[in-house]
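Following: one structure in structure tokens, then a few remarks.
All values below come from the heavy atoms of this structure, side chains included, with hydrogens, waters and symmetry mates left out. This structure is a prediction, so every number in the text was calculated from the model and none was measured.
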Amino acid sequence: MRASQLFLPTLREPPADAEAVSHKLLVRGGFIRQVSAGLWTFLPLGWRVHERVVGIVREEMNAIGGQELFMPVVTPAELWQKTGRYRIPELWKIEDRNGRPHVLALTHEETVTFHARELQSYKQLPQILYHFQTKVRDEPRPRGGLLRVREFVMKDAYSFDRDEEGLELSFRKHAGAYERIFERCGLETSAVQAESGMMGGSESIDFLAPARSGENTLVTCERGDYAADLEIARGVPRPPEFPDRLDAPEQVDTPGIETIEALAGLLGIDAAATSKAMPVVRDGRVVLALVRGDDRLEEAKLSAVLGGEIRPATDDEIREAFGADPGSLGPVGFEGEIVADEALREGQFVAGANTTGRHLRGVEHGRDFQARFADIRQSQEGDACPRCGGALRFQTAIEVGHIFKLGTYYSTPLDARYLDETGREQPIVMGSYGIGPGRVMAAVVEQRHDEQGIVWPRALAPYDVHVVALPGLEEQGAAVAEALEAHGSSVLLDDRDQRAGEKFADADLIGCPTRITVGKKTLDDGAVDLRDRESGEERRVPMAELGALP
RNA sequence: CGGGGCGUAGCUCAGCCUGGUUAGAGCGCUGCUUUUGGGGAGCAGAGGUCGCGAGUUCGAAUCUCGCCGCCCCGACCA
């Protein structure tokens, strides 16, 4: 391809509002352009990369027996009403000309389960169906270029099995395929246990790619035996230094004390020997969540424990339920449900007295209050690994893939059933598996770039070789490009009427793995200069050897 | 949805506080000259509803109000 005829608008400067490296480089390199918030066009170069990711995903999906099909983006609202997902705020709702409600699919569980009703016998199971299709989500906050967008292509796959055992097998197959996909894309990822969020179902695994920009936090053990998403990570906090035990709670005046640091300072105790009360509302009821003073509540965990949506209680709700201001709340005397973190099971803690400006020393579970215990704290730096006690490491990361065990969450409401050997009707057991190729692209750029630009892995590069024809040598450059193409390489020939420096800068920015320079000096030697983008190494190669290049 | 910021040429921005010729710069773009192995130099040009709408004023890019859009943080989130 001749750069002089390619729609490849590279920019010297990054867009002013870009933060993420992948956002800056993909825009500067002429791979993508923004149309509106979270809505992006893939320019010719960007689409080539996207389609290379798609190609890899397709090969690996076919290798585990996946069957590619294609489902529509627009779906009737009824399907979503049946599964209860019609009320998801991200769901983009539209009407046809008759006013009949439809939605733009944010994934395709409903649609594929609708089709799965044609699977009627155990003899037809298992099945894996997948497609590459546009997903539309009315995201509250798109951000970071391709990292979170409102419309994107997703490879979504769905497995159909007769039972949990079959699902486990399909799930493992996908996990294996995903490992191979990311490996081939040159991405470093960790597979971790994760929250299921809006998808429903029992178990899920996230594939997280560590990067400077990202919306997830990957928690790993320094010894490599533990990895989890922060939302469900179970770090072990250090033990507190408790003061002397008290036979009964003792009230202390703490006027104007609003933070744990101030409280611990005033009383001269370890912040870990205090407790923090976080009132939340679930289904209109105030529930008290209790964590250690030096911990933060992990709302995702609490939400899972309580089995539904939660929100922080308002100041008015707090005063009505506790008779005290936020800052002096505690479990003693509270009539409602209390969920306490495991770290508070043993020992005596300082807690709010439910009287403004007062706290209680020596509060002990069992004697002074009753609570349901669960892991609801957010892991933090300094925690120990739950497996081996080693130090935990925290890294921001990008979620590039997510696989879910759905069970019968969709098949039951949508009536996807089969008959087993004994003639009994059973719901189909399902799994769903997603990868966003655009986000994979962004993650690759986040992990593989330098000051000059992108360093694409060979498998994803828009072209294998970038031939830079120095000014006046366009035809000689074209001859080199033809020779390379004859040997199976894809070639971008920079035959633009530009200075050498500009061409080199663009080549570095675009990031093809190999750059070949055709210049007067090289031609005098009957050779070209070949430079490896990743290592920066450059060597002179005789023209006759071009066919043997990678 | 809460907080903060921004909106002037294709891009990056200045001008606004303190209203007043014909609205500017750099980069990019067009033509010519020169130059040619890491974003050269010169000359000549094209390119603008100053986000939109009201208002104040003799006069608004500039002040006021409303709306829209975009970015960042948070909330939320396959």
Side-chain angles (χ1 to χ4, degrees), chain A residues 9-20 23-24 27-28 30 33-39 85 88-91 105-110 133 135-145 147-150 152-158 194-201 204-207 213-216 229 231 299-300 303 309-312 398-404 406 431-436 438-439 451-453 468-473 477 494 496-509 515-524 528-529 531 536 538 540:
Chain A
T10 57
L11 299 174
R12 186 185 293 233
E13 293 174 83
D17 48 22
E19 291 283 319
H23 182 184
K24 293 180 186 172
V27 171
R28 281 190 57 210
R33 283 294 184 270
Q34 183 168 21
V35 176
S36 180
L39 300 174
R85 293 212 295 177
I88 290 177
E90 283 74 24
L91 196 61
L106 51 75
T107 64
H108 282 77
E109 279 79 6
E110 278 78 1
Q133 175 61 297
K135 304 291 177 274
V136 179
R137 298 180 183 183
D138 193 1
E139 291 286 349
R141 185 151 103 78
R143 78 186 100 181
L147 291 178
R148 178 162 294 274
V149 294
R150 294 198 290 175
F152 62 103
V153 170
M154 181 198 262
K155 185 288 297 175
D156 41 325
Y158 305 91
E195 264 297 307
S196 292
M198 70 166 88
M199 302 301 302
S204 82
I205 291 181
D206 240 346
F207 290 82
S213 300
E215 300 181 301
N216 295 66
D229 188 290
E231 287 190 351
E299 288 188 32
S303 174
E309 303 256 313
I310 55 171
R311 63 167 172 84
I398 299 164
E399 177 188 334
V400 287
H402 204 160
I403 64 179
F404 300 86
L406 299 174
S432 86
Y433 314 89
I435 290 182
R439 201 186 260 184
E451 287 294 301
Q452 270 59 255
V468 173
L470 292 182
L473 302 173
D494 192 347
R496 296 173 304 166
D497 180 21
Q498 300 288 351
R499 299 176 58 82
E502 237 170 296
K503 294 189 179 193
F504 290 144
D506 272 352
D508 289 344
L509 176 61
R515 185 185 85 194
I516 284 180
T517 306
V518 179
K520 284 200 186 72
K521 297 181 208 164
T522 68
L523 290 173
D524 287 347
V528 297
D529 283 344
R531 182 181 165 106
E538 186 155 11
R540 191 146 294 183

Nucleotide nearest [X] when distance is taken to its side chain, options [options]:
X: A/Ser36; options: B/G38, B/G69, B/G37; answer: B/G69
X: A/Asp506; options: B/G37, B/G39, B/G38; answer: B/G39
X: A/Phe504; options: B/C76, B/G38, B/G39; answer: B/G38
X: A/Thr522; options: B/G39, B/G37, B/C76; answer: B/G37
X: A/Gln34; options: B/C71, B/A75, B/G37; answer: B/C71

[N] phosphate, OP1 or OP2, under 4.0 Å from [X] side-chain N/O:
X: A/Arg12; N: B/G39; value: no
X: A/Gln498; N: B/G40; value: no
X: A/Arg143; N: B/C72; value: no

Whole Å only: how far is the [atom1] atom of [X] from the [atom2] atom of [N]?
X: A/Arg150; N: B/C77; atom1: CZ; atom2: P; answer: 18 Å
X: A/Asp229; N: B/C77; atom1: CG; atom2: P; answer: 13 Å
X: A/Glu231; N: B/C77; atom1: CD; atom2: P; answer: 8 Å
X: A/Arg141; N: B/C71; atom1: CZ; atom2: C1'; answer: 8 Å

Atom pair CG/CD of A/Asp506 and A/Gln498 - distance to nearest 0.5 Å: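 Reported to 0.5 Å precision, the distance equals 8.0 Å.
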CZ on A/Arg499 to CG on A/Leu470, rounded to 0.5 Å: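 So the CG of A/Leu470 and the CZ of A/Arg499 are separated by 11.0 Å.
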Tell me the partner of [N], counting only Watson-Crick (N1-N3 plus N6-O4 or O6-N4) or G-U wobble (N1-O2 and O6-N3) with both under 3.5 Å; none if nothing fits.
N: B/C1; answer: B/G74
N: B/G55; answer: B/C63
N: B/C17; answer: none
N: B/C29; answer: B/G45
N: B/G37; answer: none
N: B/C6; answer: B/G69

Under 4.0 angstrom, heavy atoms only, what part of the nucleic acid is [X] near: base, sugar-phosphate, or nothing?
X: A/Lys521; result: base
X: A/Gly145; result: nothing
X: A/Asp156; result: nothing
X: A/Arg33; result: nothing
X: A/Phe207; result: nothing
X: A/Arg148; result: base
X: A/Arg439; result: nothing
X: A/Glu299; result: sugar-phosphate

Looking only at atom types and distance, does a side-chain atom of [X] sit under 3.5 Å from a main-chain N or O of [Y], one as donor and one as acceptor?
X: A/Arg439; Y: A/Leu147; value: yes
X: A/Lys503; Y: A/Arg496; value: yes
X: A/Arg28; Y: A/Leu11; value: yes

Heavy-atom side-chain proximity of A/Ile435 to A/Val400 below 4.5 angstrom: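 Not in contact.
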Polar atom pairs (N or O), protein with nucleotides 9-12 of chain B, under 3.5 Å:
from: B/U12; atom 1: OP1; to: A/Ala16; atom 2: N; distance (Å): 3.0
from: B/U12; atom 1: O2'; to: A/Glu13; atom 2: OE1; distance (Å): 3.2

Full working for side-chain hydrogen bond (donor to acceptor under 3.5 Å, both in side chains) between A/Thr107 and A/Asp156: CA-CA 7 Å; A/Thr107 64; A/Asp156 41 325; 6.0 Å; no
Toward the 5' end of RNA chain B, by each residue's nearest nucleotide, A/Gly436 or A/Leu523: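 Nearer the 5' end of the strand: A/Leu523.
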Contact summary for A/Pro142 and A/Gly38, nearest pair of heavy atoms: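 What the structure gives for the nearest pair is CB-CA, 3.6 Å.
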Base B/G40 to side chain A/Arg499, donor-acceptor N/O within 3.5 Å cut-off: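 Such a pair exists between side chain and base.
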Other residues, nucleotides, ligands: >12 heavy atoms within 6.0 Å of A/Asp497 CG: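 It does not: A/Asp497 CG has 12 such atoms or fewer within range.
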